[in-house]
Amino acid sequence: MQDVPPSFQALYRDARGRWTLPVQDVWARHDFCEDLAQQASETARQWAWQLGGGEADILNKLGAGLADSLSAAEVWWVQVRVAELLDWPHPDRPVPG
């Protein structure tokens, strides 16, 4: 999977490194999440300028907006990707609970 970064692949591998979804589905999920991150980075940039507030608050707001469409792991990945695109600190990965 040449274009899917290891950080995203890890979302869909079990403890033994086996895929938990068909590879084509992982690729499609990555493309969807990357597109969302690209779009969300512009939204986050606008919110930072218009509303002020810290980067973590803005990333949390974005995450809350994505929670109905993505798994918790994908939401976190999108938040991290947005932080990368904007050169913001990366959010901590939530502890499963």
Side-chain angles (χ1 to χ4, degrees):
M1 298 187 65
Q2 70 187 49
D3 293 342
V4 178
S7 62
F8 194 86
Q9 290 183 34
L11 302 180
Y12 292 101
R13 290 193 183 266
D14 65 17
R16 297 172 80 186
R18 296 175 298 195
W19 292 110
T20 59
L21 286 179
V23 174
Q24 318 80 294
D25 293 350
V26 174
W27 199 315
R29 296 301 304 163
H30 171 263
D31 288 348
F32 181 69
C33 288
E34 178 64 27
D35 288 347
L36 281 176
Q38 293 289 333
Q39 293 171 8
S41 66
E42 186 54 39
T43 300
R45 186 186 333 263
Q46 289 174 1
W47 286 348
W49 182 76
Q50 292 172 345
L51 307 174
E55 289 100 350
D57 292 337
I58 292 169
L59 291 172
N60 286 335
K61 185 175 179 178
L62 280 172
L66 297 172
D68 290 338
S69 304
L70 304 174
S71 70
E74 288 175 339
V75 168
W76 173 78
W77 189 89
V78 169
Q79 290 172 309
V80 169
R81 183 69 178 122
V82 168
E84 289 173 352
L85 292 167
L86 297 176
D87 198 27
W88 290 358
H90 291 198
D92 293 331
R93 186 165 190 170
V95 176

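Within a 6.0 Å sphere centred on CG of Asp14, other residues, nucleotides and ligands contribute more than 12 heavy atoms.
Atom CD of Gln9 is separated from atom CH2 of Trp27 by 9.5 Å, given to the nearest 0.5 angstrom. Taking OG from Ser7 and CD from Glu84, the interatomic distance works out to 6.5 Å, rounded to the nearest 0.5 Å. Atoms CZ and CZ, from Phe8 and Arg29 in turn, are 6.5 Å apart once rounded to the nearest 0.5 Å. From Ser41, atom OG reaches atom CD of Gln46 across 10.0 Å, with rounding to the nearest 0.5 Å. Here Gln79 contributes atom CD and Trp88 contributes atom CH2; the two are 11.0 Å apart, rounded to the nearest 0.5 Å. Annotation: the span from Leu86 atom CG to Arg81 atom CZ amounts to 10.0 Å, rounded to 0.5 Å.
Grouping the Ile, Leu, Val, Met, Phe, Trp and Tyr side chains by contacts below 4.5 angstrom, directly or via other members, places Leu85 apart from Val4.
Side-chain atoms of Thr20 come within 3.5 Å of backbone atoms of Tyr12 as a donor-acceptor pair (strictly under, hydrogens ignored).
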Side-chain atoms of residues 54-71: list all donor-acceptor pairs with protein atoms under 3.5 Å, sequence neighbours left out, distances to 0.1 Å.
unit_1 : atom_1 : unit_2 : atom_2 : d
Asn60  : ND2    : Ala56  : O      : 3.3
Ser71  : OG     : Glu74  : N      : 3.1

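In this structure, the side chains of Pro5 and Trp77 come closer than 4.5 Å at one or more pairs of heavy atoms.
The shortest non-hydrogen separation linking Ala40 to Val82 is CB-CG2, 3.9 Å. Minimum heavy-atom separation, Pro89 to Ala83: O-CB, 3.6 Å.
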